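Quick notes on the structure that follows.
Note that the structure is a prediction, hence the values are computed from the model and not measured.
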Amino acid sequence: MRDITRRAALTIAAGTVTASTVSTAATAAAAAADAPAPRRPAASGANPVLRTALVTQVTPRNNWRVTAVAIHYAVPIDIRGGVIPPSAFQVTADLGGQSAARTVTRVYPNTVARTDDLRNAGRPGRYLIIELDPDDANARASGTDPLPLHRAYTVRQLADVRTPGGDLVLAAGPLAIRNDDVNTPVVDDFTAGSFTDSTGFELAFRLYQPEGFVRSPGAATRYPLVVTLHGGGEVADNNMTQLTANRVAVTFAKPERQRRHPAFVLAPQIPLPRPMDGPDGTDWTDPKVRAALVELIDAFTTQRPVDADRLYLVGLSSGARGIFNLLPGRPHTFAAALATAGWGDPSTMDGITHIPIWADHSIDDPVVPYREGRFGKPGTWTLMNALESAGAQVTRGEWANDLPKAEFEARSRALLNRARRARSHVLFTSYTPGTTPVSPHFAWAQTYENDVVIDWLFDQSR
């Protein structure tokens with residue numbers, strides 16, 4: 001059964017924000033229904049399947065992937081310390097008219113419908129987790145739009161599951177099951193809505209609301225707001241791929257990040273047909289889009305308990321272009337910005353020298369060249385030079401973009417310490433040619449997983 005979200009759908013129309021509701025009774029009932037029962041499976045191995053869900057994950061580099069199948073059984077599964085071999089189950093994906101097997105890597109029981117990263121994963125419970133290799137060629141959950149994943153996966157049990165003592169726990173049989181649901185942790189915690197501005201132009205958005213606000217909407221606590229601007233590849237009408245194509249928004253809503261930095265996360269999506277009226281033919285610079293975005297942010301900050309001194313802009317590729325276009329027109333709105341692989345107008349940089357910015361870019365980026373940028377607007381290297389010429393002190397560093405997380409963060413921490421000693425609030429990280437995996441343009445894979453950068457962002461206030 002798909003977990004019941006604690007957030008109902010939120011809709012913003014014509015500048016009006018409608019409060020979400022929380023069904024605590026339904027959530028409690030679902031939790032009680034899924035709690036392990038004391039009784040053990042029948043000796044015959046009979047155990048009815050109630051629901052089957054795909055478990056998906058938004059990854060830093062491989063986008064949205066199907067990483068597991070969670071089968072919900074009527075009776076708790078207890079293998080009494082045993083191990084279920086991956087060969088006991090066969091999983092097949094039927095996508096785009098093609099049927100192909102997925103690689104099963106681990107199988108274990110669990111009390112919840114999600115994967116367990118521990119080496120000895122799982123514990124007795126009503127869910128059987130079948131982990132799948134995320135690098136399978138058919139592991140993707142979306143192309144330009146989300147793939148039709150409901151009932152797209154078939155699971156067959158090929159061998160009996162027994163305890164180390166030989167007791168039958170799950171009996172193999174000729175019947176196959178298909179998935180009923182698709183669960184995407186963190187993404188499922190974003191509500192979906194839309195905003196229509198004063199001209200009638202509409203922007204879809206997804207919104208994450210912090211736990212403290214959901215529990216006590218009337219409390220006096222005010223929260224930061226992170227506005228994430230997606231790249232050009234996520235321009236669409238699905239109100240989904242701005243979350244699932246990369247982790248620019250999802251990483252700010254994951255539980256461990258929210259425990260450290262509780263915040264609203266607002267992820268608008270530019271609609272089709274692709275607006276191309278901007279001064280350099282890009283998306284967030286389109287006058288209609290920019291005006292609607294500004295109205296959406298203003299409406300949201302007045303209708304939710306947002307700390308107006310802690311509004312943050314985060315964007316990649318054309319989203320970073322949007323940052324460099326928006327900041328000069330709203331120089332006193334945002335406390336800080338993270339801009340990856342962007343470009344912009346150097347002549348406007350003199351108006352934003354006071355705004356804390358951490359920018360990064362791969363030196364060998366072929367899509368948005370590091371120096372030349374796109375559409376006649378220079379890249380990040382040139383923009384940082386313009387900021388420096390206008391009076392901002394820019395602290396620069398260069399390292400490989402494929403370093404392990406700990407080493408990557410150590411380099412970031414050293415750069416930040418150098419900036420603090422110099423009283424610099426503009427930082428620029430360049431990635432050595434040949435070190436950005438998948439594509440040199442995808443410089444952002446480690447940006448939003450970098451705790452040093454994110455801590456720096458939330459430390460800034462207007």
query = When rounded to the nearest 0.5 angstrom, what is the spacing between OG1 in T251 and CD in E256?
reply = 7.5 Å

request  = Decide yes or no for S412 and W456: does some side-chain heavy atom of the first lie under 4.5 Å from some side-chain heavy atom of the second?
outcome  = no

task = For this output row, return yes or no: ring centroids of F264 and F213 closer than 6.0 angstrom.
result = yes

inquiry  = Working note: Y73 + V49, criterion side chain to side chain contact (heavy atoms under 4.5 Å, CB included); need CA distance, chi angles, decisive distance, verdict.
reply    = CA-CA 4 Å; Y73 287 90; V49 171; 3.5 Å; yes

request  = Would you indicate whether R260, at its atom CZ, is surrounded by more than 12 heavy atoms from other residues, nucleotides or ligands within a distance under 6.0 Å?
outcome  = no

query = Given the rule in the side chain to side chain contact (heavy atoms under 4.5 Å, CB included) test, do L118 and Y108 qualify, once you have shown the distances and angles that lead to the verdict?
reply = CA-CA 11 Å; L118 297 177; Y108 50 88; over 6 Å; no

inquiry  = Can you tell me how far apart CZ (F252) and CG (L225) are? Round to the nearest 0.5 Å.
reply    = 11.0 Å

query = At their closest point, which heavy atom of D180 faces which heavy atom of H150, and how far apart are they?
reply = O-CD2, 3.0 Å

query = About how many Å separate CD1 of I355 and CG of L387, when rounded to the nearest 0.5 Å?
reply = 9.5 Å

ask   = Are any side-chain N or O atoms of Q258 and backbone N or O atoms of A263, one a donor and one an acceptor, separated by less than 3.5 Å?
value = yes

query = Is a side-chain N or O of R102 found less than 3.5 angstrom from the main chain of D133, in a donor-acceptor match?
reply = yes

message = Looking at R374 and T282, would you say the former's side chain and the latter's main chain have a donor-acceptor pair under 3.5 Å?
response = no

Those residues that, when tested against T435, pass side-chain contact (heavy atoms from CB on, under 4.5 Å) (two or more places apart) = A400, N401, D402, Y431, T432

inquiry  = Filter on salt bridge (Lys or Arg N to Asp or Glu O under 4.0 Å), then keep only pairs touching residues 231-251, sequence neighbours left out; what's left?
reply    = R247-E449

query = Is the backbone N or O of D145 less than 3.5 Å from a side-chain atom of N238, with the two atoms forming a donor-acceptor pair by type?
reply = no

request  = Heavy atoms only: give me the nearest L149-A141 pair and the separation to one decimal.
outcome  = CD1-CB, 3.7 Å

request  = Would you check if T184 and W64 make a side-chain contact, meaning some heavy-atom pair closer than 4.5 Å?
outcome  = yes

ask   = T56 and V66: side chain to side chain contact (heavy atoms under 4.5 Å, CB included), yes or no, with the steps?
value = CA-CA 4 Å; T56 68; V66 178; 3.9 Å; yes

inquiry  = For a quick test of reading the model, state the closest non-hydrogen atom pair linking A341 to A320 and the distance between them.
reply    = C-CB, 4.3 Å

message = Any non-hydrogen side-chain atom of L296 less than 4.5 Å from a side-chain atom of P268?
response = yes

request  = Not counting sequence neighbours, which residues clear side chain to side chain donor-acceptor pair (under 3.5 Å) with D459? List them please.
outcome  = none

note = In terms of heavy-atom contacts, N183 and A53 come closest through ND2-CB, 3.7 Å

note = Only one of R257, R413, H261 passes side chain to side chain donor-acceptor pair (under 3.5 Å) with D451, and that residue is R257

query = Counting only N and O atoms by type, is there a donor-acceptor contact under 3.5 Å from the side chain of R321 to the main-chain atoms of G315?
reply = no

ask   = Of the non-hydrogen atoms in F201 and P271, which two are nearest, and what is the gap between them?
value = CZ-CG, 4.0 Å

ask   = Is any side-chain heavy atom of R126 closer than 4.5 Å to a side-chain heavy atom of H72?
value = yes

query = Can a donor-acceptor pair be found between the side chains of T429 and W399 at a distance below 3.5 Å?
reply = no

remark   = All heavy atoms of A292 vs all of F195, minimum pair found to be O-CE2, 3.6 Å

ask   = Does a side-chain heavy-atom distance below 4.5 Å link L243 with V58?
value = no

request  = Please check if the side chain of Q393 supplies one atom and the backbone of S424 the other of a donor-acceptor pair under 3.5 Å.
outcome  = no

query = With D365, which residues qualify under side chain to side chain donor-acceptor pair (under 3.5 Å), at least two apart?
reply = H361, H441

ask   = How about S430 and W381: does a side-chain donor come under 3.5 Å of a side-chain acceptor?
value = no

inquiry  = I'd like to check F190 versus V265 (side-chain heavy atoms, cut-off strictly below 4.5 Å). Are they in contact?
reply    = yes

key: Backbone of L293 reached by a side-chain donor or acceptor of E295 within 3.5 Å   = no

request  = List for me each residue that meets side-chain contact (heavy atoms from CB on, under 4.5 Å) alongside P185, sequence neighbours excluded, and say none if there are none.
outcome  = V55

task = Look at atom CZ of R123 and say whether more than 12 heavy atoms of other residues, nucleotides or ligands are closer to it than 6.0 Å.
result = no

remark   = In this structure, CG of N179 is separated from CD1 of I71 (nearest 0.5 Å) by 10.5 Å

query = Does T353 offer a backbone N or O that forms a donor-acceptor pair with the side chain of H425 under 3.5 Å?
reply = yes

query = Are there more than 12 heavy atoms of other residues, nucleotides or ligands under 6.0 Å from atom CZ of R140?
reply = no

ask   = Would one find more than 12 heavy atoms of other residues, nucleotides or ligands at under 6.0 Å from atom CZ of R151?
value = no

task = Kindly determine whether V306 and L311 satisfy side chain to side chain contact (heavy atoms under 4.5 Å, CB included), including the steps that lead there.
result = CA-CA 8 Å; V306 171; L311 272 59; 3.7 Å; yes

query = Is it true that a side-chain atom of Q446 and a backbone atom of L403 form a donor plus acceptor pair closer than 3.5 Å?
reply = yes

inquiry  = If only side-chain N and O atoms count, and only distance matters, is there a donor-acceptor pair under 3.5 Å linking R206 with Y208?
reply    = no

message = According to side chain to side chain donor-acceptor pair (under 3.5 Å), does anything in residues 323-345 pair up with another residue at least two apart or in another chain? List the pairs.
response = D280-W343, R290-N325, D298-R330, R330-T333, T340-D360, D345-S347

query = Measuring from T301:OG1 to R310:CZ, what's the distance to the nearest 0.5 Å?
reply = 15.0 Å

Check: I270 and H230 side chains under 4.5 Å, non-hydrogen atoms = yes

request  = May I ask you to decide if G122's main-chain N or O and D116's side chain share a donor-acceptor pair within less than 3.5 Å?
outcome  = yes

task = Measure the NZ-OG1 distance between K288 and T199 for me, rounded to the nearest 0.5 Å.
result = 9.0 Å

ask   = Tell me, do V226 and F458 make a side-chain contact under 4.5 Å, heavy atoms counted?
value = yes

